[in-house]
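In what follows, a single structure is set out as structure tokens and then discussed.
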Amino acid sequence: MGQAGSSSGKVWDSRTVSTFHALVVGALCLYILLYDDAVNADHVWGDPSLVQLNLAITTGYLISDFLLIIIYWKAIGDIYFIIHHFVALYAYYFVLDRGLLGYFANFRLLAEFSTPFVNQRWFFEVLGYSKSSKSNIINGLLMTVVFFLVRIAVMPIYYSYVASEVGTEAYHRLGFAAQSAWFISSIALDVMNLMWMVKITKGCYKVICLIGQGEAKAHKNGKSD
């Protein structure tokens, strides 16, 4: 019982840190996309100083979360998170060490905007909120919409930029190792994003079905959630 409580507390701390990390990194990511002229002018070799700062924060978080997952595997172990963290770290190494592909690495960090909603779903569950409560329903709908916008809807934009760079001089200067890391990490992460999107969509459908049920219960009890 004590061990289970300890694990639950660690997960709570981990998700709290995850949410804070997502907000900080997401905000800096958006700032770079809007105002970093160097990276926006040259997507492959533009000065990635701010991007490297953002990735350094993310790298620190991913390593700590990776270790936490291993230590508390029985409570929070998930092979897809292990793969996600490993693939992301593999790709970020080239940006941090060689200062290349800053725009594309930063673009991937848009995905962090969905993380707070995913974590909040877990918080509600631990706190005992009913799945048909207004808080859970609103968060579930927002999670689905934001996840789709920052991880799925942006795919055509991202890969159109990738395609525009393939074959250029800047692309050839990357070398095979960096090119491979770029393509492998992008495809692997997006396959997982699509898998998670399917799972979230199914959950959202169930949430929508619960809306009427939640209203009926609230009317019966004479109060709303």
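Keep in mind that this is a model prediction, so the values were computed, not measured. Counting begins at 1 with the first residue of the sequence.
The only member of V44, N106, V39 that meets side chain to side chain contact (heavy atoms under 4.5 Å, CB included) when paired with L101 is V44. Of the candidates N136, L141, L142, L142 is the only one forming a side chain to side chain contact (heavy atoms under 4.5 Å, CB included) with I138.
Within the model, atoms CD of E125 and OG of S130 stand 11.5 Å from one another, a figure rounded to the nearest 0.5 Å. From F147, atom CZ reaches atom CE of M197 across 6.5 Å, with rounding to the nearest 0.5 Å. Distance check: Q120 CD to R15 CZ gives 11.0 Å after rounding to the nearest 0.5 Å. Taking CD1 from I57 and CG from L62, the interatomic distance works out to 12.0 Å, rounded to the nearest 0.5 Å. With values rounded to the nearest 0.5 angstrom, L68 atom CG is found 13.5 Å from I63 atom CD1. Distance check: F117 CZ to T19 OG1 gives 10.0 Å after rounding to the nearest 0.5 Å.
A donor-acceptor pair is defined here as one N or O able to donate and one able to accept, closer than 3.5 Å; no such pair exists between the side chain of D47 and the backbone of A38. Side-chain atoms of N54 never come within 3.5 Å of backbone atoms of L28 as a donor-acceptor pair (strictly under, hydrogens ignored). A donor-acceptor pair is defined here as one N or O able to donate and one able to accept, closer than 3.5 Å; no such pair exists between the side chain of S133 and the backbone of Y129.
Between F104 and H43, the ring-plane angle classifies as perpendicular under the 30° and 60° cut-offs. Between Y161 and Y103, the ring planes lie perpendicular to each other; the angle is over 60°, past the 30° to 60° tilted range. Classification of the Y90-F86 ring pair by plane angle, with boundaries at 30° and 60°, yields parallel.
Annotation: side chain of I157 is in contact with side chain of F107 (closest heavy-atom distance under 4.5 Å). Counting heavy atoms from C-beta outward, V154 and L149 have side chains that stay 4.5 Å or more apart. You'll find the side chain of Y31 reaches within 4.5 Å of the side chain of L50, heavy atoms only. Put simply, the side chain of F148 does not reach to within 4.5 Å of the side chain of M143, judged on heavy atoms. The side-chain heavy atoms of D78 and W73, taken from C-beta on, include no pair separated by under 4.5 Å. Counting only heavy atoms from C-beta outward, the side chains of T59 and Y93 never approach each other to under 4.5 Å. A 4.5 Å side-chain heavy-atom check between I69 and H85 finds at least one atom pair inside the cut-off. Looking only at side-chain heavy atoms (C-beta outward), V162 and S186 stay at 4.5 Å or farther from each other.
Under a hydrophobic clustering in which Ile, Leu, Val, Met, Phe, Trp and Tyr are joined whenever their side-chain heavy atoms come within less than 4.5 Å, directly or via other members, F176 and V87 fall into different clusters. Tracing side-chain contacts under 4.5 Å through hydrophobic residues (I, L, V, M, F, W, Y), one never reaches L23 starting from Y61; they form parts of separate clusters. Hydrophobic clustering (ILVMFWY, side-chain heavy atoms < 4.5 Å, transitive): I187 and L110 are in one cluster. Under the 4.5 Å side-chain heavy-atom criterion for ILVMFWY residues, no single connected hydrophobic cluster contains both I184 and I79. Hydrophobic clustering keeps V191 apart from V198 (ILVMFWY residues linked when any side-chain heavy atoms are closer than 4.5 Å, directly or through intermediates).
Side-chain contact annotation: Y159 with D190, donor-acceptor N/O pair under 3.5 Å present. T115 and E112 are linked by a side-chain donor-acceptor pair at a separation below 3.5 angstrom, with hydrogens and angles left out of the test. Checking D65 against S14 by side-chain atom types alone, a donor-acceptor pair falls below 3.5 Å.
R108 forms a cation-pi arrangement with Y158, by the criterion of a distance under 6.0 Å to the ring centre and an angle within 45° of the ring axis. Under a cutoff of 6.0 Å and an axis angle of 45°, R151 and W196 do not form a cation-pi pair.
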**Request:** Kindly indicate, with the supporting measurements, whether the criterion side chain to side chain contact (heavy atoms under 4.5 Å, CB included) is fulfilled by W122 and V118.
**Result:** CA-CA 7 Å; W122 184 87; V118 175; over 6 Å; no
**Message:** Under the criterion side chain to side chain contact (heavy atoms under 4.5 Å, CB included), I'd like the reasoning laid out for F183 against V166: C-alpha separation, chi angles, the key distance, then a yes or no.
**Reply:** CA-CA 11 Å; F183 294 135; V166 173; 4.0 Å; yes
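Aromatic ring centres of W182 and F94 lie farther apart than the 6.0 Å criterion allows.
Scanning all heavy atoms of the two residues, the minimum distance from F124 to S135 falls at CE1-O, 3.6 Å. Considering all non-hydrogen atoms of both residues, A178 and R98 come closest at CB-NH1, 3.9 Å. Here the closest heavy-atom approach between residue G102 and residue P48 is recorded as CA-CB, 4.2 Å. Contact record, I152 with L194: CD1-CD2, 3.9 Å, taken as the closest heavy-atom pair. The two residues L96 and A56 make their nearest non-hydrogen contact at CD2-N, 4.0 Å. When all heavy atoms of E165 and Y171 are compared, the pair lying nearest together is O-CB, 3.1 Å.
Counted within 6.0 Å of CZ on R121, heavy atoms from surrounding residues, nucleotides or ligands total 12 or fewer; the atom is thus considered open.
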